[in-house]
Q: 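First the structure, which I've put down as C-alpha cells, then a few questions once you've had a look.
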Amino acid sequence: MDESQKDTGYTMPKKYVICNRNGQNRGKSDSLLMVYHLLVHKYPQCVTRLDEGITYQEGKDLYAEFIIDSTKIALLTLGDNVKQHEDYLKEAVKFDADLILCASWRKGKTVDHVIDLRGYDYRIYWLLNPNTGDENPLPMEKSISIEAFLHEINSMVTNLFNIPIL
C-alpha cells in the first residue's frame, strides 16, 4: 500500500445543513420559500410531507420533506426563536435527511438548535445576507444576497447530491 492509499481516519460527511443565518425580518424565510417553490416546480412528485402556516406570524413559514433520487431533503423556512424551530429540526433528523435547509437568527437559541445538529453528524454551512453588521461570524459562514443565496444553494446541492434546483 502506498502513501496515497493509507486510511487517514477522515471520512467525508454524508449529511449537511445549509442555514440562512440573519436577523429578524431580513429575508430568511422568503429566500427559503423561493427554494421550496423551485424544488416543487422541478420535482413535484417528490414532496413527501408539507406542514404549512407553522409560525405565529402571518402563517407563511413551512416545513417540507422531499425524496429526490433517494436523497432526503428537509426544508424549514422558520428561523424565529420559537419552540417549533427546534421541533422541526428534530423532525428533519428523524426523517434522516441527507440535507437540511433551514434558517436561524444571528445568535441565540435558533443558532444553538442548528449547532446541535452536529451531534447527529451533520456538517453545517452558514449563509448570511450582507450588511448585517455581524461582528461575530460563525465557521463556514458566507455573506451573500438573496439572489446569490439561490445560486449558492443550487451550486451546493448540485455539487453535493447532483440535484439541480435552478
Side-chain angles (χ1 to χ4, degrees), residues 12-105 110-111 113-118 120-130 140-166:
M12 285 295 292
K14 292 180 175 54
K15 295 182 178 187
Y16 299 87
V17 175
I18 301 173
C19 183
N20 190 6
R21 177 179 172 261
N22 211 329
Q24 204 169 11
N25 300 319
R26 299 290 235 162
K28 299 179 305 293
S29 293
D30 289 339
S31 58
L32 285 167
L33 279 169
M34 287 183 221
V35 172
Y36 166 77
H37 289 294
L38 289 167
L39 282 168
V40 168
H41 178 74
K42 193 156 191 147
Y43 306 102
Q45 304 87 356
C46 296
V47 179
T48 60
R49 177 179 174 182
L50 175 61
D51 296 353
E52 295 181 280
I54 62 171
T55 189
Y56 58 93
Q57 295 176 339
E58 302 168 24
K60 67 177 182 177
D61 285 304
L62 60 82
Y63 172 79
E65 295 174 349
F66 299 83
I67 300 176
I68 303 170
D69 297 335
S70 77
T71 298
K72 294 181 177 182
I73 299 173
L75 187 145
L76 175 62
T77 64
L78 177 66
D80 295 317
N81 189 14
V82 293
K83 184 167 179 1
Q84 294 152 312
H85 186 266
E86 180 180 27
D87 293 344
Y88 276 104
L89 289 177
K90 288 179 180 177
E91 287 292 315
V93 169
K94 197 183 316 180
F95 175 56
D96 196 27
D98 300 297
L99 173 65
I100 300 172
L101 301 169
C102 65
S104 77
W105 285 356
T110 58
V111 173
H113 299 157
V114 175
I115 289 172
D116 288 346
L117 295 172
R118 289 181 181 156
Y120 299 96
D121 297 323
Y122 283 92
R123 181 173 184 177
I124 302 168
Y125 292 96
W126 302 94
L127 300 177
L128 175 71
N129 291 346
M140 303 297 292
E141 185 169 69
K142 186 174 185 175
S143 179
I144 59 173
S145 69
I146 289 177
E147 294 80 19
F149 175 80
L150 294 175
H151 289 284
E152 186 74 13
I153 292 285
N154 181 63
S155 175
M156 292 175 88
V157 174
T158 301
N159 289 334
L160 291 171
F161 300 103
N162 197 30
I163 298 173
I165 295 173
L166 299 177

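All heavy atoms count here, side chains included; hydrogens, waters and symmetry mates do not. We count residues from 1, following the sequence as given.
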Q: For T77 and A103, which heavy atoms make the closest approach, and how far apart are they?
A: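 So the minimum-distance heavy-atom pair works out to O-CB, 3.9 Å.
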
Q: Set out, in order, the CA-CA distance, both residues' side-chain angles and the distance that settles side chain to side chain contact (heavy atoms under 4.5 Å, CB included) for V114 and W126, then state yes or no.
A: CA-CA 10 Å; V114 175; W126 302 94; 3.5 Å; yes

Q: State, to 0.1 Å, how close L150 and L166 come at their nearest heavy-atom pair, and which atoms those are.
A: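 Smallest interatomic distance, heavy atoms only, reads O-CD1, 4.1 Å.
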
Q: Tell me whether W105 contacts the main-chain N or O of G79 through its side chain, where contact means a donor paired with an acceptor under 3.5 Å.
A: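 Side chain of W105 to backbone of G79: a pair is present.
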
Q: Quick one: side-chain contact (heavy atoms from CB on, under 4.5 Å) partners of D30, sequence neighbours excluded?
A: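 L33, K60.
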
Q: Residues two or more places apart in sequence or in another chain: which of them pass side chain to side chain donor-acceptor pair (under 3.5 Å) with Y36?
A: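 Counting only residues at least two positions away or on another chain, Y36 forms no side chain to side chain donor-acceptor pair (under 3.5 Å).
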
Q: Could you work out, with salt bridge (charged side-chain N to carboxylate O under 4.0 Å, His left out) as the rule, every residue matching K42, not counting sequence neighbours?
A: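 None.
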
Q: Who are the side chain to side chain donor-acceptor pair (under 3.5 Å) partners of S29, not counting sequence neighbours?
A: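 Checked S29 against side chain to side chain donor-acceptor pair (under 3.5 Å); matches are D61.
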
Q: Only distances under 3.5 Å count here; give the side-chain donor-acceptor pairs of residues 93-100 to other protein atoms, sequence neighbours excluded, each with its distance to 0.1 Å.
A:
| unit_1 | atom_1 | unit_2 | atom_2 | d |
| --- | --- | --- | --- | --- |
| K94 | NZ | E91 | OE2 | 3.3 |
| D96 | OD1 | K15 | NZ | 2.5 |
| D98 | OD2 | K72 | N | 2.7 |

Q: Considering non-hydrogen atoms only, spot the tightest contact between I124 and I115 and give its length.
A: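 Shortest heavy-atom separation between I124 and I115 comes out as CD1-CA, 3.8 Å.
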
Q: State, with a plain yes or no, whether a side-chain heavy atom of L160 is found less than 4.5 Å away from one of T71.
A: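 No, every pair of side-chain atoms sits at 4.5 Å or beyond.
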
Q: List in chain and number order the residues that pass side chain to side chain donor-acceptor pair (under 3.5 Å) with S104, two or more places apart in sequence or in another chain; answer none if no residue qualifies.
A: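 S104: no side chain to side chain donor-acceptor pair (under 3.5 Å) contacts found.
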
Q: Not counting sequence neighbours, which residues clear side chain to side chain donor-acceptor pair (under 3.5 Å) with D51? List them please.
A: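 Here the qualifying residues are R49, Y88.
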
Q: Which pair of heavy atoms, one from T110 and one from H85, lies closest together, and at what distance?
A: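 Scanning both residues completely, I find the closest heavy atoms to be O-CE1, 3.4 Å.
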
